[in-house]
There are 2 protein chains.
Amino acid sequence: MNIRDVAKRAGVSVATVSRVLNHPDQVTEKTRDHIHEIMKEMDYTPNWFARGLNLNRTGLIALMVPNIINPIYTEIAKGVEEIAHSKGYSTFLCNSEDSIKKESDYIEMLTHRKVDGLIFIGGHLDPTLMERIEKNQLPAVMIGSIQGDWKFSQVYSDFFDGAQKATGHLIESGIKNIAHISGDLRFIESQEKLKGYKAALENTGLTWEDQWIISGDDSIEGGYLAAKRLLRLDKIPEAIFVANDWMAFGAMDAIKTEGLKIPNDIAIVGFDNNRMSALMDPKLTTIQLPAYRMGLTACRLLFDEIESGAENRTSIYLPVTLKVRQSCGHVSGIKTIFGE
Amino acid sequence: MNIRDVAKRAGVSVATVSRVLNHPDQVTEKTRDHIHEIMKEMDYTPNWFARGLNLNRTGLIALMVPNIINPIYTEIAKGVEEIAHSKGYSTFLCNSEDSIKKESDYIEMLTHRKVDGLIFIGGHLDPTLMERIEKNQLPAVMIGSIQGDWKFSQVYSDFFDGAQKATGHLIESGIKNIAHISGDLRFIESQEKLKGYKAALENTGLTWEDQWIISGDDSIEGGYLAAKRLLRLDKIPEAIFVANDWMAFGAMDAIKTEGLKIPNDIAIVGFDNNRMSALMDPKLTTIQLPAYRMGLTACRLLFDEIESGAENRTSIYLPVTLKVRQSCGHVSGIKTIFGE
DNA sequence: TTGAAAGCGCTAACAG
DNA sequence: CTGTTAGCGCTTTCAA
């Protein structure tokens, strides 16, 4: 059943039916209502391919995330989805699971499918893929940890700054031996955090040992294992700055399993303010990343570009803030209730 | 740039190029290689709409989940995605956020877009929508809490049974006053769990008070608030069976905030075996739902149907099991390490 | 094995 | 305001 059937049944031309669908104001109210009725009667829905073939528009944007299992990304997704939905667009959520192969499969597919736009987490994406996106003229927005010189609009935070704040907070509490469980160091995000950690120490005349910096692979299990290794060192650190809350959950478990107390024996500061962080015991002190707002903002930028058709690159900076709770051992965190 | 350009450049007809794409065996190896080369040279990718318009196939399946923020659904999504990806299909993740409006928007969109198949969480979907799916002849698989009489293949678990096991476990520990924080009771899943809870009590000659059954709205915050209300009753229950781990996280926080000890003052059993459950303090005793496997299985069933073209409804039952950790107060849970 | 040509269902330019 | 018609890029039948 197609537009011709509807036209026939309504006693009009296909053009008129098409107009009812695309430019309702160009049709008499009477004919319009009539046709609407017929369409409902016949339960007609326009063929999406035929439509796309003509308009070269899909009403679809894609969001590529490194790992959907980490709630911080679903938070971003919620923000993106909200804006997209309000614009009548649907969001295609692509989960690369930290695999470059999968990422590239997705980009391949997305360019085939011609989504109208793409939002991705910068620094997780292979540069070759980014070129491919550029070449395909796909409107794209990058959510990043740093401002870069790309042909994309950007929403970025300063992860270096965040890491410095996190580490600095521990230092202010009088702690000197601070270890770092890093994320996957292939990603800029993790590199920035590592730099921030080191900078905070250097700035206060402190130092670190190489064995105190361990990659946690951006997974809970990785965080667990990294913490275990730290606890087996001759000189156990007094605190750990963990590059994200997700890994921190694993690290906390490892520490407790060893019978140590957080924050008394070992203090912990995370990064992200994951939804679960306020529910851990002790509640996790962390750097608040405005994930939801990043999603909203990125999606707005994307639509600016889609709707204007122009390549108006914009960069928007969203600051991160320290969220003091209990795991850092700082007094002001102790009375925290339900994370607020 | 389109198939005609490629044909021209290769000195063949469009038909031949098309055949290279769709029926390579019908073309001489020589021409085939030549055309492949040209395509690579020109960086040609076939237009997806034009293709779909002819084939009426998209290479896309949809997965509709009630709330992506709850990790149990991302677990299912991973299973689905894995199979789909191995078949060269992409997964369109639709997040209805427990809203019937959004669900219906998505179904509307999906039928327009003609995804090749749909997997959804049964009992969360409005019956009207399910009819709509049926009418659209969309191959669909339902992941459910109960076997129903639908025109879909099903992967289901017995949530009644699970709830009974959970409650029963508390009863075996000698606890008599057991409250229940339920999910959103519009959903069959939540109803089943409520029934199982009541059945377990009745079977052992115990009873419940109406004020001990509170809906937690399937959110962390809802779980928190529900627990708070339970703690303000004159007669505080000794244990709570929470309909899912997600709400249990909130409930645990509420209990701790009140200065009570889990499990000593109040025991808790959840449902799902959410990834975070083994990291809570105390580690959460729960009913293990094989979410990942449900995703895998559902997707396999879906492809059975897509590939055969037939409507071969199958129902597959996956059992749930009790996972004893610490929050129930049962001795055998105490030495649990890292959730295993 | 290859080519010519007829659609797939829709949109929009153009003519009335 | 409405109708006629030429595509959009591809697949596939039919003929060579």
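Chain letters run A, B, ... following the sequence lines, proteins first and then strands; every chain starts at 1.
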(request) Mind checking B:Ser18 for me? I need base, sugar-phosphate or nothing, with any heavy atom below 4.0 Å counting as a touch. (result) base
(request) Under 4.0 Å between any heavy atoms, over every strand shown, what does B:Val17 touch: base, sugar-phosphate, or nothing? Just pick one. (result) nothing
(message) Report for the helix from C:dT1-D:dA16 to C:dG16-D:dC1: angle between first-end and last-end helix axes, five pairs each, rounded to 10 degrees.
(response) 30°
(message) Under the rule for side-chain hydrogen bond (donor to acceptor under 3.5 Å, both in side chains), what residues qualify as partners of B:Asp218, not counting sequence neighbours?
(response) B:Asn244
(request) Find out whether A:Phe120 and A:Ile133 are in side-chain contact, i.e. whether some heavy atom of one side chain is under 4.5 Å from a heavy atom of the other. (result) yes
(message) Measuring only between side-chain heavy atoms, which start at C-beta, is B:Tyr292 closer than 4.5 Å to B:Glu82?
(response) yes
(request) Give me the first and last nucleotide of DNA chain C, going 5' to 3', that has any atom under 4.0 Å from a heavy atom of chain A. (result) C:dC8 to C:dA13
(request) Could you check which residues of residues 28-46 of chain B get a heavy atom under 4.0 Å from DNA chain D? Sort them by number, please. (result) B:Tyr44, B:Pro46
(request) Please list, by residue number, the residues of residues 48-59 of chain B whose heavy atoms come closer than 4.0 Å to an atom of DNA chain D; answer none if no residue qualifies. (result) B:Ala50, B:Arg51, B:Leu53, B:Asn54, B:Leu55
Contacts under 3.5 angstrom, residues 293-302 of chain B side chains, donor-acceptor by atom type, not counting sequence neighbours:
from: B:Thr297; atom 1: OG1; to: B:Arg293; atom 2: O; distance (Å): 2.6

(message) Nearest 0.5 Å, please: how far is CD1 in B:Ile121 from CZ in B:Phe187?
(response) 11.0 Å
(request) Anything under 30° is parallel, anything over 60° is perpendicular, the rest tilted; go ahead and classify B:Tyr156 against B:Tyr317. (result) tilted
(request) Could you tell me how the ring of A:Tyr89 sits relative to the ring of A:Phe303: parallel (under 30°), tilted (30 to 60°) or perpendicular (over 60°)? (result) perpendicular
(request) State whether B:Asn22 places a side-chain N or O below 4.0 Å from either non-bridging phosphate oxygen (OP1 or OP2) of D:dT11. (result) yes
(message) Need to verify one output field. Residue with the more 5' nearest nucleotide on DNA chain C, A:His23 or A:Arg4?
(response) A:Arg4
